[in-house]
Undergrad: 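Take a look at the following structure, please.
Computed from heavy atoms alone, side chains included, the values below leave out hydrogens, waters and symmetry copies. Note that the structure is predicted; figures quoted are calculated from it, not measured.
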Protein chains: 2
Amino acid sequence: MIIVDAVAPRTRIQAEKRELILEAALDIFSRHGFRGATIDRIADAAGMSKPNLLYYFRRKDDIYSALMQRLLDTWLQPLRALDDVGDPLTELRGYIRRKLEMSRDYPRESRLFANEILEGAPRIMPMIAGELKTLVDEKVAVIRGWMKAGRIARTDPHHLIFSIWATTQHYADFDVQVRAVLGPDKGAAGRYEDAARFLEQLFIEGLRPKG
Amino acid sequence: MIIVDAVAPRTRIQAEKRELILEAALDIFSRHGFRGATIDRIADAAGMSKPNLLYYFRRKDDIYSALMQRLLDTWLQPLRALDDVGDPLTELRGYIRRKLEMSRDYPRESRLFANEILEGAPRIMPMIAGELKTLVDEKVAVIRGWMKAGRIARTDPHHLIFSIWATTQHYADFDVQVRAVLGPDKGAAGRYEDAARFLEQLFIEGLRPKG
DNA sequence: GGCAATTTTGACCGAACGGGCAAAGGTTAG
DNA sequence: CTAACCTTTGCCCGTTCGGTCAAAATTGCC
C-alpha cells in the first residue's frame with residue numbers, strides 16, 4: 001500500500017499540527033464513529049479552533065481517510081510477519097500474541113477499524129477486497145501447506161484466521177463488556193495475561209497434529 | 001429483566017405501528033449506529049412521516065431503548081440454556097451452535113449490540129454489569145465444576161466464554177469482511193456450515209480432557 | 001349516524017453541524 | 001528589516017436534525 005498524505009506537509013508547523021489533529025481525531029472517531037464525531041469536538045480535543053483545523057484538513061472525510069490509511073498498514077503487519085519457514089505452531093502462537101498485543105496497545109485503532117467494518121466498510125472496501133484478501137489468500141496457502149505436511153491438524157485456514165482476529169480484537173472492541181463481566185478486581189495487565197494464556201492453549205491444543 | 005414498553009399499546013393500530021417502527025429502526029440503527037441513524041430515515045423505512053413516527057415514540061432514544069430491551073433478552077438465551085447436568089462437551093458444542101445460529105439469523109441484532117458496546121455501552125451498562133455479569137458468573141461456576149471433575153481440560157472459563165462470543169458474533173458483525181476475504185464463491189449457507197465445523201473442532205479439541 | 005378518541009399531516013422551530021471567507025496575526029528567508 | 005508566505009481567528013452561511021403543534025383526517029363505539 002502506498003501512503004499518500006492528501007497534502008504533503010511543507011512546514012514544521014504543518015507536520016506537528018497534522019499529527020496533533022490525527023491523534024485527537026483517532027480518539028473521537030474511535031469513540032463515536034464517523035457520524036457521531038464532530039469537527040468541533042476533534043478541534044477541541046486537538047486544542048485549536050474549527051476553522052484552524054479545517055485549514056489542515058479541508059473536510060471531515062480527509063481526516064478520517066488519513067487515519068484509515070495510517071491504520072491499515074500497521075493493522076496487517078502481524079499477519080505479514082507470519083512466516084512460511086518457521087515452526088507452524090510457533091508461528092501461529094507468535095501471530096496470536098502479536099495480534100493480542102495490538103489490541104492491548106492500540107485499542108482505539110481496533111475500535112476505529114471495527115466501526116468501519118460494522119457500517120459496511122463503505123470507505124475501505126477496495127482495500128479489504130484487494131490487499132487484505134490477497135494477503136489472507138497467501139497466508140492461507142502457507143497454512144494449508146503445513147496441514148498437508150501433517151505439521152498441524154487439518155481444518156479450515158480461513159476460519160482459523162477469522163477466529164484469531166475475532167478473539168484477539170474482542171479485547172479491544174468489547175473492552176467495556178470484558179471489564180464489566182470480569183469485575184473490578186482484574187487490572188488490564190492481568191486481563192491480557194490471562195487472555196494470552198487462554199488463547200494459546202485453545203489454539204495450540206486445537207491445532208496440535210493428531211496421532 | 002422486566003420488559004416495559006414505554007407506553008403500553010392501547011389499540012390495534014398502536015401495536016401494529018410500533019412493531020413496524022421497531023423493525024425499521026433495527027435496520028437503520030444496526031447499519032449506522034445511534035448517531036448515524038436519523039428519525040427521518042427510520043420513518044421513511046417504516047413508511048410513515050416523521051411526526052407520525054414521533055406520535056408512537058416521543059424521542060429517538062425511546063425507539064433505541066425499546067429495541068435494546070427487546071434485544072437483550074433474546075441475546076442471553078443461548079447462555080441461559082447452558083445446562084449443568086448435560087455432558088460438558090455436548091453442552092458447550094450446543095452453546096456454540098446456538099450462538100452461531102443467532103449470528104446467522106439475527107445479524108442486525110448482533111450489530112446493534114456490537115455498536116452499543118463499541119461506543120462504551122452508555123445505555124446498557126447497568127444490564128452488562130448486573131444481569132449479564134450475574135449470568136456469566138453462574139455459568140463460569142458450572143464450567144469450573146466440569147474442570148475440577150476432570151471432564152474438560154482446565155482453562156480460564158471467563159475467557160472461554162469471551163472467545164465463544166467473539167468467534168460466533170464475528171460472522172455477523174464483520175460479515176462484509178468475511179465475505180470479501182472468502183470471495184464470491186461461498187454462499188451464506190456454506191460460510192456458516194464451514195464456520196460451525198471449524199469452531200466445533202477448535203473448541204472441542206482445545207477442551208478435550210487430557211490423558 | 002354522530003360523537004369522542006385516535007391517528008396523520010404540514011408547517012415550523014432552535015440547535016448543531018459541515019464548511020467558506022476575508023482579514024488579522026505570525027514566521028521566516030533574503 | 002521586510003516582503004512573501006504561512007497560520008489563526010471571528011463571522012457567516014446553508015443544511016440537517018430532533019422535536020413541537022395545531023389542525024385535518026380517520027377510526028371506533030353507542
Side-chain angles (χ1 to χ4, degrees), chain A residues 5-68 112 115-116 119 122-123, chain B residues 5-68 112 115-116 119 122-123:
Chain A
D5 267 15
V7 178
R10 304 186 173 283
T11 72
R12 172 188 56 89
I13 294 183
Q14 271 183 29
E16 288 173 8
K17 291 294 172 74
R18 280 175 157 270
E19 202 51 45
L20 212 71
I21 292 168
L22 288 178
E23 165 66 22
L26 176 58
D27 232 72
I28 306 295
F29 277 131
S30 69
R31 283 221 305 270
H32 306 286
F34 181 76
R35 304 270 324 250
T38 72
I39 301 184
D40 286 275
R41 292 191 62 167
I42 297 172
D44 203 56
M48 64 181 72
S49 65
K50 179 170 66 170
N52 195 9
L53 182 149
L54 286 168
Y55 169 73
Y56 293 102
F57 293 90
R58 308 257 313 261
R59 4 200 103 256
K60 191 183 175 184
D61 298 57
D62 293 346
I63 316 176
Y64 192 80
S65 300
L67 226 41
M68 275 290 157
L112 183 65
N115 229 311
E116 171 71 13
E119 289 178 8
R123 298 154 213 271
Chain B
D5 268 15
V7 178
R10 303 186 173 283
T11 72
R12 173 187 55 88
I13 294 183
Q14 271 184 29
E16 288 173 9
K17 291 293 171 73
R18 279 173 158 272
E19 203 50 46
L20 212 71
I21 292 169
L22 288 178
E23 165 66 22
L26 176 58
D27 232 73
I28 306 295
F29 277 131
S30 69
R31 284 221 304 271
H32 306 285
F34 181 77
R35 302 272 322 249
T38 72
I39 300 183
D40 286 274
R41 294 191 61 167
I42 296 172
D44 202 56
M48 63 181 73
S49 66
K50 179 170 66 171
N52 195 9
L53 182 149
L54 286 168
Y55 170 73
Y56 294 101
F57 293 90
R58 307 257 315 258
R59 1 202 104 256
K60 191 183 176 185
D61 297 58
D62 293 346
I63 316 176
Y64 192 81
S65 300
L67 227 40
M68 274 291 158
L112 183 64
N115 228 312
E116 172 71 12
E119 289 178 8
R123 297 153 213 272

Undergrad: Just N and O in the side chain of B/Q14: are any of them under 4.0 Å from OP1 or OP2 of C/dT6?
TA: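 Indeed not, no polar side-chain atom of B/Q14 lies that close.
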Undergrad: Is any side-chain N or O of B/S49 closer than 4.0 Å to OP1 or OP2 of C/dT9?
TA: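 It does, given that an N or O in the side chain of B/S49 lies less than 4.0 Å from OP1 or OP2 of C/dT9.
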Undergrad: Going by the rule salt bridge (Lys or Arg N to Asp or Glu O under 4.0 Å), which residues pair with A/D44 if we only count those two or more places apart in sequence or in a different chain?
TA: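 Not a single residue meets the salt bridge (Lys or Arg N to Asp or Glu O under 4.0 Å) criterion with A/D44.
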Undergrad: To check you understand the geometry: which heavy-atom pair defines the closest contact between B/H32 and A/E119, and what is its length?
TA: O-OE2, 4.1 Å
Undergrad: With side-chain contact (heavy atoms from CB on, under 4.5 Å) as the test, pick out the partner of A/L67 among A/L26, A/I21, A/D62.
TA: A/L26
Undergrad: Using whole Å, what does the distance between atom P of nucleotide C/dT6 and atom CD of B/E16 come to?
TA: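 Those two atoms, CD and P, are 17 Å apart.
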Undergrad: Using whole Å, what does the distance between atom P of nucleotide C/dT6 and atom OH of B/Y56 come to?
TA: 12 Å
Undergrad: Check B/I42 against B/A24 and note the closest heavy-atom contact, atom names and distance.
TA: O-CB, 3.8 Å
Undergrad: Mind listing the N/O atom pairs, protein and nucleotides 19-23 of chain C, below 3.5 Å?
TA:
from, atom 1, to, atom 2, distance (Å)
C/dG19, OP1, A/R59, NH1, 3.3
C/dG19, OP2, A/K60, N, 2.8
C/dG19, O6, A/K50, NZ, 3.4
C/dG20, OP1, A/R59, NH2, 3.3

Undergrad: Could you work out, with side chain to side chain donor-acceptor pair (under 3.5 Å) as the rule, every residue matching B/D61, not counting sequence neighbours?
TA: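 B/R123.
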Undergrad: For the pair B/F29 and B/F34, name the ring-plane relationship: parallel under 30°, tilted 30 to 60°, perpendicular over 60°.
TA: parallel
Undergrad: Got a sec? Which of residues 19-38 of chain B come in under 4.0 Å of DNA chain D, heavy atoms?
TA: B/A37, B/T38
Undergrad: Considering residues at least two apart in sequence or located in another chain, which fulfil the salt bridge (Lys or Arg N to Asp or Glu O under 4.0 Å) criterion with A/R31?
TA: A/D27
Undergrad: Heavy atoms of chain B, cut-off under 4.0 Å: which first and last nucleotide of DNA chain D, 5' to 3', fall inside that, if you could look?
TA: D/dC17 to D/dG28
Undergrad: So, does B/Y55 get its side chain near the phosphate of C/dT7, meaning an N or O under 4.0 Å from OP1 or OP2?
TA: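 The answer is yes; a side-chain N or O of B/Y55 sits under 4.0 Å from OP1 or OP2.
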Undergrad: Just verifying a value: how many Å separate A/S65 OG and A/K60 NZ, rounded to the nearest 0.5 Å?
TA: 12.0 Å
Undergrad: Tell me the interatomic distance from A/D62, atom CG, to C/dG18, atom P, rounded to whole angstroms.
TA: 13 Å
Undergrad: Considering all heavy atoms of both residues, which atom of B/I39 and which atom of B/K50 are nearest to each other, and what is their separation?
TA: CG2-CG, 3.6 Å
Undergrad: Quick check: closest heavy atoms across B/Y56 and B/R18, and the distance to 0.1 Å?
TA: O-NH2, 3.3 Å
Undergrad: Which heavy-atom pair separates A/A66 from A/L22 by the least distance, and what is that distance?
TA: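 Reported closest heavy-atom pair: CB-CD2, 3.9 Å.
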